[in-house]
Amino acid sequence: MALAFTNSLTRTKEPFVSIRPGEVGLYTCGPTVYNIAHIGNFRAYVFEDLLKRTLQYCGYRVRHVMNLTDVDDKTIRDSRAAGLSLDDFTQRFKEAFFADSKVLRIAPADVYPAATAHIPEMITLIQALIDKGIAYRADDGSVYFSIARWPNYGQLVHIEAEQMRPGTRVSHDEYAKESVADFALWKSWSEDDGDVAWDSPWGRGRPGWHIECSAMSARYLGPHFDIHCGGVDNMFPHHEDEIAQSEAANGCRFVNVWMHCAHLVVDGVKMSKSLGNFYTLRDVLQRGWSGREVRYVLLATHYRQSLNFSFRACEDARAALQRLDAFRERLQDAARLPDSDTAPAAAAAQAAEAGFRAALEDDLNISAALATLFDLVREGNRLLDAGTVAGAAAKAILGTLERLDSVLAVMAPDEDAGVPADIQALADARQAARKAKDFARADQLRDQLAAAGWVIEDTPKGPRVRRR
RNA sequence: GGCGCGGUAGCCAAGUGGUAAGGCGAAGGUCUGCAAAACCUUUAUUCACCGGUUCGAAUCCGGUCCGCGCCUCCA
């Protein structure tokens with residue numbers, strides 16, 4: 001089975017063939033840095049991370065570009081409200097984004113181009129569209145892309161311009177357009193923009209939203225590249241417009257494969273501040289969930305399926321991960337023993353690896369991939385119980401787990417915050433009581449620990465205290 | 001009006017023609033001073049509903065019901 005992805009352009013699953021053998025150019029729409037990204041945003045980034053790691057697992061070298069939208073209506077509006085320069089304002093949210101990405105173990109992109117650092121590229125692109133007669137400068141000084149002059153428009157969302165119903169969000173200041181469906185490439189300066197403006201052949205102003213991705217993807221990946229991702233909500237108009245701009249300006253196909261992930265919902269409904277179900281990663285961490293637990297929740301649902309986030313799902317993830325942890329600990333202990341027969345362990349490990357790879361190659365079927373992982377856990381535990389996994393056999397399974405984790409990135413536990421001194425003192429007192437066979441006293445201390453939110457486990461190496 | 005997505009066990013979730021993966025939970029067992037943790041076993045005659053095609057359908061076709069998303073700057 002070879003790699004295959006569902007292409008939003010054709011809406012079918014297609015074999016994946018890279019433009020250059022062994023290499024993939026990947027562009028993923030990044031954050032608009034006007035606030036802290038929420039877990040719905042990170043659902044998309046985790047999906048893209050899974051895609052990238054899968055490509056790498058399958059042997060591709062991936063060149064990954066993720067843009068940072070640091071100039072748009074919202075960044076301008078909110079930076080002015082905060083009394084900060086645009087750069088100072090967006091810088092904080094860029095840093096927050098990188099920090100949160102790291103917590104979620106998202107592998108960094110190769111390049112994070114910022115829109116404000118690529119204005120000349122955008123101007124060049126817009127000029128090319130004007131020169132070709134596809135874009136026009138309106139009376140208000142803005143430049144628009146004319147959909148009437150680009151018959152290929154609509155290939156991604158499969159719509160006809162006539163069928164578009166003017167939405168309620170059409171802004172009043174865009175009356176200068178020839179057609180409601182036309183979209184801005186360059187927006188002339190208005191008072192609301194304050195000091196945010198660049199010079200251009202059409203006067204002072206700032207770029208439209210879509211143009212940055214066309215300009216920056218071409219700069220870092222070329223005019224024609226392999227895969228472009230984002231959330232479904234970006235299909236229209238953002239990606240549709242990108243295609244129009246890029247193909248009209250460059251005269252070649254823009255992207256071979258478009259991949260879009262479905263929305264994250266919370267308890268079955270869209271996340272929104274007014275419903276009180278709006279969470280940033282930080283909100284979730286504050287409730288005691290770790291980065292990898294959240295990553296697992298975001299990862300474990302297939303990307304084209306809407307993901308229902310809930311704290312119940314976090315609990316399930318924690319339990320599943322603890323089971324993986326326990327399995328790896330058992331294997332690490334067994335690896336120090338003299339070698340056993342390696343055949344059964346090797347067979348289980350190979351079966352898991354083959355199944356895992358086949359599942360991910362099939363349009364990132366993460367559920368099937370995780371199923372093969374847990375099949376290996378069960379089979380491995382059985383073999384450990386039977387004493388047929390020791391030494392090299394245990395190391396073989398650990399090696400497989402490590403390779404699977406190069407894609408999943410969920411196996412290494414998060415940093416433990418440690419045990420407070422007073423809690424440890426209670427645990428020590430309980431152990432002393434147990435030694436003295438004063439079990440009533442020991443149980444009473446255990447209850448005290450439980451009331452404080454800690455559980456105690458008596459292992460062969462002594463008692464271990466753990467938060468619950 | 002247009003374009004889409006989805007309804008599979010208590011919960012989450014694969015499977016798109018060959019007779020229901022996996023995770024969580026629950027129940028039983030092993031271990032333990034008792035627990036906890038861990039491990040093992042069990043846990044859907046059935047895939048929203050009604051017809052149809054087929055030797056055979058959760059999977060294909062027609063219809064019905066229900067939930068959700070997008071239609072100009074929300075991942």
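Chain naming here is simple, since letters A, B, ... match the order of the sequence lines and numbering starts at 1 in each. Note that the structure is predicted; figures quoted are calculated from it, not measured.
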A/F439 ring over B/G33 six-membered base ring, under 5.5 Å and 30°: yes
Audit row: A/H239, A/H210, ring pair (Phe, Tyr, Trp, His ring centres under 6.0 Å) steps and yes/no: CA-CA 8 Å; A/H239 291 161; A/H210 319 300; 9.3 Å; no
Contacts under 3.5 Å, N or O only, protein and nucleotides 9-11 of chain B:
{"from": "B/G10", "atom 1": "N2", "to": "A/R312", "atom 2": "NH2", "distance (Å)": "3.0"}

Sugar-phosphate only, base, or nothing, as touched by A/D375 at under 4.0 Å among non-hydrogen atoms: sugar-phosphate
Distance between P atoms of B/A48 and B/U59 (Å, rounded): 8 Å
Set of residues satisfying side-chain contact (heavy atoms from CB on, under 4.5 Å) with respect to A/A135, sequence neighbours excluded: A/L129, A/I130, A/V143, A/L185
Earlier contact from the 5' end, RNA chain B, for A/F374 and A/L307: A/L307
Whole-Å gap separating P (B/A13) and CG (A/L298): 13 Å
Position toward the 5' end of RNA chain B (nearest nucleotide), A/E315 or A/L324: A/E315
Is there any protein nitrogen or oxygen under 3.5 Å from a nitrogen or oxygen in nucleotides 41-43 of chain B, and what are the pairs?
{"from": "B/U41", "atom 1": "OP1", "to": "A/R382", "atom 2": "NE", "distance (Å)": "3.0"}
{"from": "B/U41", "atom 1": "OP1", "to": "A/R382", "atom 2": "NH2", "distance (Å)": "2.6"}

Please write out the pairs of protein N or O atoms and N or O atoms of nucleotides 4-7 of chain B separated by less than 3.5 Å, giving the distance to one decimal.
{"from": "B/G4", "atom 1": "OP1", "to": "A/R11", "atom 2": "NH1", "distance (Å)": "2.4"}
{"from": "B/G4", "atom 1": "O5'", "to": "A/R11", "atom 2": "NH1", "distance (Å)": "2.5"}

With sequence neighbours excluded, residues passing side-chain contact (heavy atoms from CB on, under 4.5 Å) with A/E247: A/W150, A/Q155, A/I243, A/R253, A/F254
Ring centres under 6.0 angstrom apart (A/Y136, A/F145): no
By side-chain contact (heavy atoms from CB on, under 4.5 Å) - contacts of A/P413 (at least two apart): A/R292, A/D325, A/R328
